[in-house]
Protein chains: 2
Amino acid sequence: MSRSNPRVLSTLERAGGFASAQEIYRLMQREGESIGLTTVYRALQSLVNDKIVDVLRRDDGEAIYRLCGEAHHHHLVCKGCGDTVEIEGGAIEKWAKAMAEEHGFRDVGHTAEIFGLCTKC
Amino acid sequence: MSRSNPRVLSTLERAGGFASAQEIYRLMQREGESIGLTTVYRALQSLVNDKIVDVLRRDDGEAIYRLCGEAHHHHLVCKGCGDTVEIEGGAIEKWAKAMAEEHGFRDVGHTAEIFGLCTKC
DNA sequence: TACGGAAATGAAAATCATTTTCATTTGTGA
DNA sequence: TCACAAATGAAAATGATTTTCATTTCCGTA
């Protein structure tokens, strides 16, 4: 039943634990691996079901997959040049947890991104 | 130059200040307004450029538009039934501001959503 | 008022990520 | 070796969004 294709997982790891389905597919192609796009999508869905990876959304709506267990962090993105800084989000974790409790939600995750203009732009 | 069609804006308002382009289009159709989907998309883009509305993404990747100036808040969304609770995000505002300052970013905005399972699910 | 060009409009086609379908291949246990 | 379930992937379907392009609406000016 588990379609968690190990080659897909290892490619996601090699990609820095952060990539879209299309990127993983292209990466595997480039490395000469024989795999279909469908299989990549199915493997990723399966990994998500098994809670081995998380999904989030890029600004353009494309889904990106991230290894769970990766140090959880957030991003500060420049609207001008696209530069991205990884930032720590301790405050967010606490906030998310508190809000979830307050409303009786369980099994919660969250997304949080900050965007603005960096010094250069 | 401004394509911020006022009918689209007023429909977005009537929708509770929160809807996808497709929803706005369907709503206008149902109300007998004559408008094309293309125009709805263009109007929304224009409203975003003019900073009259914000864009964010639903879990399925569809873009949803929200009136700026609406009291700024965040969402707690149930992955099971889709139920959404508006929550206050004072902690986030402070966090975003602090992080932006720390890295010299200006003109910053942010997104933050929490998702999990509600009591019923 | 008539003219000319700029902006707005929308139908249809193009794009792109993602999902579904379906026929084929692979793996596994009896 | 056989039969059958699971895996695979090509191709088609889907759905949101964008682009193209021909037409229409506006507006300022002669």
Side-chain angles (χ1 to χ4, degrees), chain A residues 1-12 15-16 18-67 79 82 111 113 115, chain B residues 1-12 15 18-67 75 77 79 82 84 111 113 115:
Chain A
M1 174 55 91
S2 164
R3 300 184 171 191
S4 307
N5 188 314
R7 290 187 296 150
V8 170
L9 179 54
S10 104
T11 306
L12 178 56
F18 214 122
S20 74
Q22 304 279 346
E23 285 163 0
I24 290 172
Y25 174 67
R26 284 193 290 267
L27 194 50
M28 294 180 80
Q29 295 268 297
R30 219 176 301 130
E31 292 175 349
E33 294 228 43
S34 164
I35 196 165
L37 185 53
T38 314
T39 302
V40 172
Y41 273 104
R42 274 196 287 240
L44 287 170
Q45 275 168 356
S46 180
L47 288 164
V48 170
N49 280 343
D50 297 351
K51 296 187 196 300
I52 297 169
V53 312
D54 275 344
V55 202
L56 25 106
R57 294 271 166 190
R58 265 209 266 272
D59 263 15
D60 67 353
E62 192 174 354
I64 48 182
Y65 300 85
R66 169 183 72 181
L67 277 175
K79 287 187 281 197
T111 62
E113 309 284 321
F115 39 88
Chain B
M1 173 60 89
S2 164
R3 301 186 170 187
S4 307
N5 187 314
R7 291 186 295 151
V8 170
L9 179 54
S10 104
T11 305
L12 178 57
F18 213 121
S20 74
Q22 304 280 344
E23 284 163 0
I24 291 172
Y25 174 66
R26 284 193 291 266
L27 193 51
M28 294 180 79
Q29 295 269 297
R30 218 177 302 131
E31 291 175 351
E33 293 227 43
S34 165
I35 195 165
L37 185 53
T38 312
T39 303
V40 172
Y41 273 105
R42 273 195 288 239
L44 287 170
Q45 275 168 354
S46 180
L47 288 164
V48 169
N49 281 343
D50 298 350
K51 295 187 198 299
I52 296 169
V53 312
D54 275 344
V55 203
L56 27 104
R57 294 272 168 186
R58 267 211 264 274
D59 262 16
D60 67 352
E62 192 174 353
I64 49 184
Y65 300 84
R66 169 184 71 181
L67 277 176
H75 292 103
V77 184
K79 287 186 281 196
T84 299
T111 62
E113 309 285 320
F115 40 88

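Below, chain A is the first sequence line, B the second, and so on; all start at residue 1. All figures in this text were calculated on a predicted structure; none of them were measured in a lab.
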Please write out each protein N/O paired with an N/O of nucleotides 17-19 of chain D under 3.5 Å, distance rounded to 0.1 Å.
{"unit_1": "D/dT17", "atom_1": "OP1", "unit_2": "B/Ala63", "atom_2": "N", "d": "2.8"}
{"unit_1": "D/dT17", "atom_1": "OP2", "unit_2": "B/Tyr41", "atom_2": "OH", "d": "2.6"}
{"unit_1": "D/dT17", "atom_1": "O5'", "unit_2": "B/Tyr41", "atom_2": "OH", "d": "3.2"}
{"unit_1": "D/dT18", "atom_1": "OP2", "unit_2": "B/Gln45", "atom_2": "NE2", "d": "3.1"}

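A straight line from CG of B/Asp60 to C1' of C/dT19 spans 13 Å, rounded to a whole angstrom. Straight-line distance from the CG atom of A/Leu44 to the P atom of C/dA17: 14 Å, rounded to whole Å. A straight line from CG of A/Asn5 to C1' of D/dT8 spans 10 Å, rounded to a whole angstrom.
Screening residues 19-28 of chain B for salt bridge (Lys or Arg N to Asp or Glu O under 4.0 Å), with sequence neighbours left out, gives B/Glu23-B/Arg58.
Using a 4.5 Å cut-off on side-chain heavy atoms (C-beta onward), A/Leu27 and A/Glu33 make no contact. Between B/Asn5 and B/Val40, the closest side-chain pair of non-hydrogen atoms is not below 4.5 Å. With contacts defined as side-chain heavy-atom distances shorter than 4.5 Å, the pair A/Val8/A/Met28 qualifies. Residues B/Leu47 and B/Leu67 have side chains not in contact (no heavy-atom distance under 4.5 Å, counting atoms from C-beta outward). A/Leu37 has its side chain within reach of A/Gln22: a pair of non-hydrogen atoms, C-beta onward, lies under 4.5 Å apart.
Remark: A/Thr39 is not in phosphate contact with D/dT8, judged by side-chain N or O atoms under 4.0 Å from OP1 or OP2.
The nearest pair of heavy atoms linking B/Tyr65 to B/Leu12 is O-CD1, 3.6 Å.
A/Thr11 places a side-chain N or O within donor-acceptor distance of the main-chain N or O of A/Arg7, the cut-off being under 3.5 Å.
The end-to-end axis angle of the helix from C/dT1-D/dA30 to C/dA30-D/dT1, rounded to 10 degrees and based on five pairs per end, is 0°.
Shown for residues 24-36 of chain A: no residue has heavy atoms falling under 4.0 angstrom of DNA chain C.
Residues passing the side chain to side chain donor-acceptor pair (under 3.5 Å) test with B/Ser20, sequence neighbours excluded: B/Glu62. Under the ring pair (Phe, Tyr, Trp, His ring centres under 6.0 Å) criterion, B/Tyr41 pairs with no residue, sequence neighbours left out.
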